[in-house]
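Here's the structure we're looking at; comments come further down.
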Amino acid sequence: MIELVLPDERRWPSWVESMEEFGDAVHLHGYATFGFEGQDLGDAGVFQNWLGRETGARVTGQDGFVPATVWWIVDEARPDEVLGSIQLRHELNDFLLAEGGHIGYGIRPSARGRGVATAALLLCLEQAVSMGLSRVLIVCDIDNEPSRRTILAAGGMLETVNGTMERYWIDLG
């Protein structure tokens with residue numbers, strides 16, 4: 001069974017390994033690594049700085065970002081292995097309304113195709129309800145069929161296609 005857990009030092013090495021599976025990707029959707037280089041997060045001090053920022057972000061926006069919570073995605077059968085990451089932005093600013101949405105997620109390549117993203121998204125939507133959100137916006141690239149299927153499986157309703165991006169709303173009521 002898939003679970004969402006807050007980032008911690010125990011799972012940190014597995015989280016770094018999960019990012020390494022993406023190779024030279026510049027941006028890891030859902031990993032909330034903005035302002036940090038992926039390879040640098042393998043350093044304990046850099047990780048502590050990242051963890052401090054993400055812990056603070058749960059209450060108030062950090063470094064110009066809106067308040068948000070990031071969770072690591074694990075399977076209770078192997079709870080020390082990070083399968084991916086998902087971030088819930090508690091509110092939208094103009095940029096997020098136009099391009100980013102409330103939720104971003106990324107699944108390590110070796111964990112794809114097993115329903116991990118769908119299960120994690122459904123759990124994240126439960127968290128959104130508990131925070132008082134009545135609907136959430138999720139966007140994906142038009143050529144990202146796996147993400148589209150994940151969003152649709154969670155009840156996403158296509159609003160618009162804007163250039164290379166699809167915008168979906170999920171009603172939580």
Side-chain angles (χ1 to χ4, degrees), residues 4 6-7 15-16 18-19 22-41 46-73 82 84-109 112 116-118 120-173:
L4 302 182
L6 292 172
W15 180 64
V16 171
S18 78
M19 288 189 290
F22 288 92
D24 292 333
V26 175
H27 175 70
L28 302 177
H29 295 285
Y31 273 69
T33 57
F34 307 106
F36 292 86
E37 296 294 326
Q39 64 269 24
D40 293 342
L41 287 163
V46 174
F47 173 72
Q48 288 300 321
N49 287 337
W50 175 86
L51 187 60
R53 180 187 76 182
E54 294 310 311
T55 300
R58 294 178 206 149
V59 177
T60 185
Q62 302 286 305
D63 300 330
F65 294 102
V66 300
T69 302
V70 63
W71 293 275
W72 290 343
I73 304 165
V82 175
S85 184
I86 191 164
Q87 182 186 44
L88 172 62
R89 297 159 198 118
H90 304 176
E91 59 191 55
L92 296 178
N93 58 20
D94 290 341
F95 173 78
L96 294 173
L97 183 60
E99 296 186 32
H102 284 97
I103 298 173
Y105 51 87
I107 306 301
R108 71 192 299 169
R112 293 179 179 165
V116 172
T118 301
L121 179 54
L122 292 171
L123 291 170
C124 190
L125 293 174
E126 290 176 12
Q127 294 291 330
V129 168
S130 73
M131 291 180 184
L133 297 175
S134 60
R135 67 183 193 143
V136 296
L137 173 66
I138 305 178
V139 302
C140 74
D141 292 334
I142 60 173
D143 61 353
N144 190 340
E145 181 62 29
S147 189
R148 178 185 303 109
R149 285 193 312 264
T150 297
I151 296 166
L152 291 171
M157 299 296 292
L158 181 64
E159 176 193 56
T160 59
V161 177
N162 185 8
T164 61
M165 188 180 325
E166 298 175 349
R167 296 168 44 89
Y168 294 86
W169 285 96
I170 298 177
D171 184 2
L172 302 175

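Throughout, residue positions are numbered sequentially from 1 according to the sequence presented. A quick note: this is a predicted structure, and the numbers were derived from the prediction, not measured.
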Please report, to 0.1 Å, the donor-acceptor pairs under 3.5 Å made by any side chain of residues 99-106, with sequence neighbours excluded.
| unit_1 | atom_1 | unit_2 | atom_2 | d |
| --- | --- | --- | --- | --- |
| His102 | ND1 | Leu137 | N | 2.9 |
| Tyr105 | OH | Ser147 | O | 3.4 |
| Tyr105 | OH | Ser147 | OG | 2.7 |

So CZ of Phe95 and CZ of Phe65: to nearest 0.5 Å the spacing works out to 9.0 Å

Expected output: side-chain Arg167 to main-chain Leu97 donor-acceptor under 3.5 Å:
yes

Can you list the residues that meet the salt bridge (charged side-chain N to carboxylate O under 4.0 Å, His left out) rule with Glu166, with sequence neighbours excluded?
Arg148

Heavy-atom nearest pair, Asn93 first then Leu96, reads OD1-N, 2.8 Å

Gap between atom OG1 of Thr164 and atom CG of Asp143 - 0.5 Å precision
7.5 Å

If I take atom CD from residue Gln48 and atom CZ from residue Arg53, how far apart are they, to the nearest 0.5 angstrom?
14.0 Å

By side chain to side chain contact (heavy atoms under 4.5 Å, CB included), which residues pair with Leu6, not counting sequence neighbours?
Arg58, Thr69, Trp71

Check: Thr118 and Leu122 side chains under 4.5 Å, non-hydrogen atoms:
yes

Evaluate the ring planes of Phe22 and Tyr31, with Trp represented by its six-membered ring, and classify them as parallel (under 30°), tilted (30 to 60°) or perpendicular (over 60°).
perpendicular

Looking at every heavy atom in both Val136 and Ala128, which two are closest together, and how far apart are they?
CG1-CB, 4.0 Å

Please report the shortest heavy-atom distance between Val70 and Ala32, naming the atom on each side.
CG2-CB, 4.1 Å

Can you check whether Val82 reaches Ser18 side chain to side chain, under 4.5 Å on heavy atoms?
yes

Just do the side chain to side chain contact (heavy atoms under 4.5 Å, CB included) check on His90 and Val66 with the steps written out, would you?
CA-CA 7 Å; His90 304 176; Val66 300; over 6 Å; no

Is Ile86 close to Leu4 at the side-chain level, that is, under 4.5 Å between some pair of heavy atoms?
yes

Around atom CE of Met131, are there more than 12 heavy atoms from other residues, nucleotides or ligands closer than 6.0 Å?
yes

Intermediate values then yes/no, side chain to side chain contact (heavy atoms under 4.5 Å, CB included), Leu172 and Ser134:
CA-CA 5 Å; Leu172 302 175; Ser134 60; 5.6 Å; no

Reported CD-to-CE distance for the pair Glu159 and Met157, which is rounded to 0.5 angstrom:
11.5 Å

Side chains of Pro67 and Glu91: does their closest heavy-atom pair fall under 4.5 Å?
yes

Please report the shortest heavy-atom distance between Ile151 and Ile138, naming the atom on each side.
CD1-CG2, 3.5 Å

Spatial distance of atom CZ (Phe36) from atom CD (Glu54) [nearest 0.5 Å]:
7.5 Å

Testing the basics here: between Ala120 and Ile73, what is the closest heavy-atom pair and its distance to 0.1 Å?
CB-CD1, 3.5 Å

In the structure I gave you, are the side-chain heavy atoms of Tyr168 and Val139 within less than 4.5 Å of one another anywhere?
no

I need the minimum non-hydrogen distance between Gly163 and Ile142, along with the two atoms involved.
O-CD1, 4.0 Å

Rounded distance (nearest 0.5 Å) linking atom OG1 of Thr33 with atom CG of Asp40
11.0 Å

